[in-house]
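Working notes, beginning with the structure itself.
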There are 2 protein chains.
Amino acid sequence: MDIRRADAIADELEQLIFSGEFVDGDRLDENKLASRFGVSRTPVREAFQKLSLSGLVKQLPRRGVFVRQPGPVELLEMFEVMAEIEAICGRLAAKRISEAALKTLQEANEECQKAVENSDADAYYRENERFHHLIYQQSGNRFLEQEALRLHKRLKPFRRIQLHLRGRMKQSMAEHKAIVQALVDASPEEAAITLRDHVAVQGEKFHHLMASLKPA
Amino acid sequence: MDIRRADAIADELEQLIFSGEFVDGDRLDENKLASRFGVSRTPVREAFQKLSLSGLVKQLPRRGVFVRQPGPVELLEMFEVMAEIEAICGRLAAKRISEAALKTLQEANEECQKAVENSDADAYYRENERFHHLIYQQSGNRFLEQEALRLHKRLKPFRRIQLHLRGRMKQSMAEHKAIVQALVDASPEEAAITLRDHVAVQGEKFHHLMASLKPA
DNA sequence: ATTGGCATTCTTGTATACAATACACTTGAC
DNA sequence: GTCAAGTGTATTGTATACAAGAATGCCAAT
C-alpha cells in the first residue's frame with residue numbers, strides 16, 4: 001500500500017465515481033467505505049475533502065457527502081470552458097513553441113493517425129491525450145498548463161464516450177492537422193480558433209448523444 | 001463559533017496567509033495552530049486539505065505543510081490566465097448580456113467613478129470587484145463564472161497592492177468605459193480585447209512593482 | 001387516517017490515543 | 001576534529017473514543 005493512504009483512497013474513490021459505481025446523488029458512507037478499504041474513517045474523511053474541492057462530491061454539513069455528477073447543462077458549460085482554455089494554450093503556444101516540441105507534436109499526431117488506421121480507439125485516445133498535453137505545456141505558462149490538465153482530467157470520462165461515434169476519429173484527425181499547421185505557421189489566432197472548434201465540437205457531439213439517450 | 005470549525009479554520013488560515021502572518025516556506029505547525037484556535041489537530045488537518053487544494057500550502061508527506069506563495073514568475077502566469085479568462089467572460093457576455101444587467105453594470109461603473117473622484121480606494125476596490133463579478137456572471141456560463149471567481153479571489157491580495165499606484169485608478173476607469181462600450185455594442189472581440197488588456201496591465205504593473213522592490 | 005411530537009438510533013464532527021517515520025543530538029571511531 | 005551511526009524526540013498519519021445533531025420510527029391525538 002501507499003505511504004499516505006488518504007491520497008490513495010481519494011484516487012480510488014475518484015475512479016469509482018468515474019466508473020459509474022457511484023452515481024449522482026449517492027451518499028458516500030464513511031463507515032462502509034472505511035471497512036471496504038480496510039482503514040478507519042479518518043483517511044476516508046480526508047479523501048472526501050479533496051474530492052469536494054475537485055467538485056466531484058458535495059459536502060452538506062452534518063448530512064454527509066454526496067456524489068455530484070454534472071448534468072447536461074453544466075457539462076456543456078465545462079466543454080465550452082475547456083474549448084476556450086485550449087484556445088488560449090494554442091494562441092500562446094503558437095508564439096512560444098520550440099522546434100523540438102513541434103517535432104514531438106507531429107510525432108504524436110502521426111501516432112494518432114496510425115491508431116485511426118488500425119481503428120485502435122485506446123491507442124488513439126492515449127496519443128490524442130499526449131497531443132493535447134503537449135500543447136498545454138508549450139503554452140509556456142505552467143499555471144495555465146495545470147489548469148488545463150485539471151479540467152481535461154475532469155472531462156475525461158465524458159470525452160471518452162463520444163470517441164466511438166462513427167467517423168469522429170477521422171474528423172478529429174483532420175482538425176489535428178489544422179492545429180499543427182497553425183502552430184507551424186506560428187499564427188496565434190488560427191491556432192486558437194482551430195483548437196477551440198476542435199474541443200467545442202466534442203461538447204456538441206456529447207450533447208447530441210445525451211439528447212438522443214435522454215428520452216429513452 | 002461556527003458549526004463546522006474545520007471550514008472556519010480553513011478560512012482563518014487563508015486570511016492569515018494573505019495578511020502576511022505566514023510567509024512563503026513557513027511550516028504550519030498542527031499542534032500550535034490547534035491550541036491557538038482552541039481545537040484538536042483533526043479540524044486543523046482538515047483545513048490543511050482544503051488549503052492544499054487551493055494551492056496556498058503544499059503538503060510534503062510525513063514532513064508537514066508549508067505555505068506556498070507564488071513567486072514573481074508564477075504570479076505573472078496567473079495574471080496572464082486571469083486576463084484570458086476575463087477575455088472569455090467578456091466575449092461571451094457581449095453575446096449574452098441582458099439589458100437589465102447592462103444597466104447594473106453601468107451603475108457599478110458610475111460608483112467606481114465616484115470613488116475615483118473621492119480618491120476612496122476602498123470603495124473603488126469594492127465597486128470594481130462588483131463590476132468584474134457582473135461580467136463573469138453575464139458570461140451565461142456558471143462553470144466559467146465559478147472558475148473566474150476562484151482565480152479572482154486567489155489574486156486578490158496582489159491586485160490590491162497595485163491599486164495605490166499613481167494614476168492607476170484613473171487609467172482603470174478609462175478601460176472600464178471601453179469595456180462597457182464593447183458590451184453595449186455587443187461586439188465580442190472588442191470586449192475580449194479590452195478586458196484582456198485591462199487585466200494584463202494589472203499583472204505588468206505588479207511585475208514592475210515587484211522588480212523595483214526586489215533589489216532592496 | 002394523518003399529522004405532530006418525542007425518543008431512539010445512526011451519522012457526522014471533534015478529541016484523544018497510538019503507530020510509524022523523520023529529524024536531531026549525542027557518542028564513538030578514525 | 002570530523003564524520004557516521006544509533007538512539008531519542010518530535011511530528012505526522014491513522015485508529016478509536018466521545019459528543020452533538022439529524023433522520024427515522026413509534027405513539028398519541030385530532
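Throughout, protein chains are lettered first and strands after them, A, B, ... in sequence-line order, and every chain is numbered starting at 1.
- Between A:H198 and A:E86, the side chains place no donor N or O within less than 3.5 Å of an acceptor N or O (distance only, hydrogens not considered).
- Nearest-nucleotide positions on DNA chain D place B:G64 closer to the 5' end than the other of A:P43 and B:G64.
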>> What verdict does the salt bridge (Lys or Arg N to Asp or Glu O under 4.0 Å) test give for B:D7 and B:R5, after you've listed the backbone C-alpha separation in whole Å, the side-chain angles of each residue and the deciding distance to 0.1 Å?
In response: CA-CA 5 Å; B:D7 290 359; B:R5 286 189 269 216; over 6 Å; no
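- To the nearest 0.5 Å, atom NE2 of residue B:H208 and atom CD of residue B:E204 are 6.5 Å apart.
- Listed pair B:T42 / C:dT14 fails the phosphate criterion, with no side-chain N or O lying under 4.0 Å from OP1 or OP2.
- Regarding A:D7, its CG atom lies at a distance of 11 Å from the C1' atom of D:dG13, rounded to whole Å.
- Considering only heavy atoms from C-beta on, A:F18 stays 4.5 Å or farther from A:K156 through its side chain.
- A salt bridge does not link A:R126 to A:E111: none of the charged nitrogens lies less than 4.0 Å from a carboxylate oxygen.
- Contacts of residues 49-60 of chain B with DNA chain D (heavy atom under 4.0 Å): none.
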> Would B:E74 and A:R142 satisfy salt bridge (Lys or Arg N to Asp or Glu O under 4.0 Å), going step by step from the backbone distance to the final call?
Replying inline: CA-CA 8 Å; B:E74 190 177 357; A:R142 298 286 285 269; over 6 Å; no
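- Using a 4.0 Å heavy-atom cutoff across all strands shown, A:R45 reaches at least one base atom of the nucleic acid.
- When the P atom of D:dA22 is taken as reference, atom CZ of A:F66 falls 13 Å away, rounded to whole Å.
- Note on ring orientation: taking the six-membered ring where Trp is involved, the planes of B:H176 and B:H132 are perpendicular (angle over 60°, cut-offs 30° and 60°).
- Closest to the side chain of A:R27, from the set C:dA15, C:dT11, D:dA15, is C:dT11.
- In this structure, A:S139 contributes its side chain and A:N141 its backbone to a donor-acceptor pair below 3.5 Å.
- Rounded to whole angstrom, the span from the CZ atom of B:F37 across to the P atom of C:dT14 amounts to 13 Å.
- Between A:L144 and A:C89, some side-chain heavy-atom pair lies under the 4.5 Å cut-off.
- Rounding to whole angstrom units, CZ of residue B:F48 and P of D:dT11 are separated by 13 Å.
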Provide a list of protein-nucleic acid N or O atom pairs under 3.5 angstrom, restricted to nucleotides 17-20 of chain C.
none

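- An OP1 or OP2 oxygen of D:dG21 is reached within less than 4.0 angstrom by no side-chain nitrogen or oxygen of A:R63.
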